[in-house]
Amino acid sequence: MAGLAPNIPPHVKPEQVFAFDIYADPRIGDDVQGTYSAVLKEAPDIFWSPLNGGHWMVQRHDLIAEIVKNPQVFSAREMQIPRVENPPFMIPLSLDPPENVPYRHVLMPKFSPRAVADMEPKMRAMAAEIVDEVLANGACDFVADVSARFPVSVFMEVMGLPLDKLREFRHIADTYFNARTNEEIQRISQQIFAIFNELIAYRRETPGDDLITHFLTVDVEGRKLSQDEILAMCFVLFLGGMDTVTNVTGFTFQHLANDPELQARLAQDPSRLVEFAEEGLRMFGVIGTPRLVVQDYEAHGVSFRKGEMVLSALWQSGRDDEKIADPDRFDIDRKDKPHLNFSTGPHMCLGHALARAEMRILADEWLKRIPSFRPKAGAKHGFRIGTVIALESLPIEWEVA
Amino acid sequence: MVHIRFEQPDGSSQDIDATVGESLMASAKAQGVEGILAECGGSMVCGTCHVYVKEPWFSQLAAPSAMEADMLDCGLQQQPNSRLSCQIIVAPDMDGMEIAVPQSQR
């Protein structure tokens, strides 16, 4: 980050240092996760980057699992790199176990495999509508016109957010993920809280079968949730629901656009879409999960010191050649597709069933209507990196019948 | 060590040596029992280590906690003898226990 001098504390061994700028490393190219994996082949499994204030980075599947399953040492209470004053507080994400558990169980019924199955017809209708809108054009920007719209529409349906606010919400989420300074993060957080305050007030008067109404009425260990608790939960769900599925779906379709054989196969046999979505998740992870070291800790020859940040690069977990052969090859027929892109442990992504269903349903409704498509030649796609990886655009085209 | 048999939906079965004092999920994962995903690693937040416990063992298990019962309610293939294998701590009297693995975990 501009303005911060490189930082190498004395307890970091020289061989553990690998300078990598998580926000702007010039070695990352259009094949974002592929180039990431290639660049980090030169780095130790756990390394210290002196940039962005200085922080640890962990890149192996099993080591990441170790970090995220040890909240006594690696706390989720701060998730900003570099650290900021008054970091955003998110429920249940910022709470270490056991404090996060009751909140997880409040949320679970609305994100469970059962709830997702109940929602499937509605999700199909939404996906169909979005694809139908671009169908006759013979071309679209898949990110802006499809993958940004679908997960956000589904999520807003779950939350009971008015769909006419979609673009405004999307814009705020984008700004949030691009924010670096404390002032920016605070300012955007306030905008998000204002939107949810408005919505909570509305649902107090007009209950529905949405998540906000559930928050207002659910009993948590004999009491009701406070306004602040509801806001803190909305905050993390809002950010998580906006950006993550959009990006994984975008990267997965970027691959699919270049693979006509796979398009034909999936269009002919939609039962393989579960495996397609899972392989997309494995190959194109978009989330890194930061932790704050809260007590000095020695492991794997590394001295983690209290107050240091550790970034678990979840997108590396599916590319780990110790877990999977030929990790950079997209192959839906692999029996095992090991990855931690939903993390693991007490903070494992609550939305994993929903995300998987969204990817499968969108691909299904897309291929039913557009079984063959290709990237628009010469178009620049663009990407951004950080603790979230995003694909900025995916111009594609197809023959109109 | 106690012997525990896992039956798969296709009728095949696998016997494992489970470690007394550890969770059934941990032993099943360590010995590669198919269909036990345990994606959250035993934190009771994912429900992907779901199993059916056969009688007479099911009735001999301590009842599930309220949290485990909540998680089981969220699944798609729940039966009266459903449990999360991460919440079953292997005991000597479980020797010979028979477990069925559900068709899918999500």
Side-chain angles (χ1 to χ4, degrees), chain A residues 61-62 64-71 76 92-93 96-98 100-118 120 218-222 274 277-278 281 317 335-357 360, chain B residues 6 8-10 12 14 22-52 63-87 89 100-106:
Chain A
H61 180 287
D62 291 356
I64 289 171
E66 241 180 86
I67 301 283
V68 297
K69 282 160 74 175
N70 188 358
L93 195 54
D96 294 314
N100 71 319
V101 177
Y103 298 103
R104 290 284 307 210
H105 284 260
V106 166
L107 290 162
M108 192 66 72
K110 296 288 180 183
F111 290 88
S112 67
R114 176 174 300 225
V116 171
D118 290 346
E120 176 146 350
V218 72
D219 183 280
V220 187
E221 300 179 320
V274 173
E278 199 64 24
L281 278 161
S317 67
K335 188 160 170 300
D336 291 317
K337 303 178 179 69
H339 70 85
L340 297 173
N341 286 308
F342 294 114
S343 191
T344 180
H347 291 290
M348 185 190 150
C349 178
L350 179 75
H352 69 98
L354 183 59
R356 285 173 163 125
R360 170 177 57 78
Chain B
F6 284 83
Q8 295 293 337
D10 68 2
S12 66
Q14 178 182 356
E22 285 189 2
S23 78
L24 181 61
M25 176 278 282
S27 286
K29 280 291 281 180
Q31 292 174 60
V33 174
E34 241 178 80
I36 307 294
L37 304 182
E39 288 178 342
C40 77
S43 302
M44 224 206 305
V45 299
C46 75
T48 62
C49 66
H50 173 211
V51 294
Y52 309 118
S65 66
M67 291 291 183
E68 184 186 345
D70 279 353
M71 282 304 305
L72 288 167
D73 275 345
C74 289
L76 282 170
Q77 305 190 38
Q78 196 195 11
Q79 293 177 9
N81 63 337
S82 285
R83 292 298 302 260
L84 295 181
S85 57
C86 70
Q87 300 303 307
I89 304 304
V101 177
Q103 195 66 243
S104 77
Q105 292 286 0
R106 35 174 201 251

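Throughout, a chain's letter reflects where its sequence line sits, starting with A, and its residues are numbered from 1.
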Student: Would B:E39 and A:K69 satisfy salt bridge (charged side-chain N to carboxylate O under 4.0 Å, His left out), going step by step from the backbone distance to the final call?
Tutor: CA-CA 12 Å; B:E39 288 178 342; A:K69 282 160 74 175; over 6 Å; no
Student: Hey, could you give me the OG/CG distance between B:S43 and A:N100, rounded to the nearest 0.5 Å?
Tutor: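 Rounded to the nearest 0.5 Å, the OG-CG separation comes to 8.5 Å.
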Student: Are B:C74 and A:R114 side-chain neighbours, meaning at least one heavy-atom pair lies under 4.5 Å?
Tutor: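 Not in contact.
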Student: For chain B, which of A:R104, A:M108, A:R356 has the most heavy-atom pairs under 4.5 Å?
Tutor: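 Most heavy-atom pairs under 4.5 Å with chain B: A:R356.
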Student: Could you tell me which portion of A:K335 (side chain, backbone, both or neither) has an atom closer than 4.5 angstrom to a non-hydrogen atom of chain B?
Tutor: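 Side chain only.
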Student: Contact part of A:A117 toward chain B, heavy-atom cut-off under 4.5 Å: side chain, backbone, both or neither?
Tutor: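 Interface part for A:A117: side chain.
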Student: Can you tell me how far apart CE (A:M348) and OG1 (B:T48) are? Round to the nearest 0.5 Å.
Tutor: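 A:M348 atom CE to B:T48 atom OG1 measures 6.0 Å (nearest 0.5 Å).
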Student: Decide if atom CD of B:E34 counts as having more than 12 heavy atoms of other residues, nucleotides or ligands within a radius under 6.0 Å.
Tutor: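 Incorrect, the count does not exceed 12.
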Student: So which of A:G345, A:C349, A:A115 has the largest heavy-atom pair count under 4.5 angstrom toward chain B?
Tutor: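 Top count of heavy-atom pairs under 4.5 Å with chain B: A:G345.
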Student: Does any backbone or side-chain atom of A:H352 lie under 4.5 Å from a heavy atom of chain B? Answer side chain, backbone, both or neither.
Tutor: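 It is the side chain, since no backbone atom gets that close.
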Student: Taking B:Q105, B:M44, B:M67 one by one, which has the highest count of heavy-atom pairs under 4.5 Å against chain A?
Tutor: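 Counting heavy-atom pairs under 4.5 Å, the top option is B:M67.
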Student: Mind checking the OG-CG spacing from A:S112 to B:L76? Nearest 0.5 Å is all I need.
Tutor: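 Nearest 0.5 Å value for the OG-CG distance: 7.5 Å.
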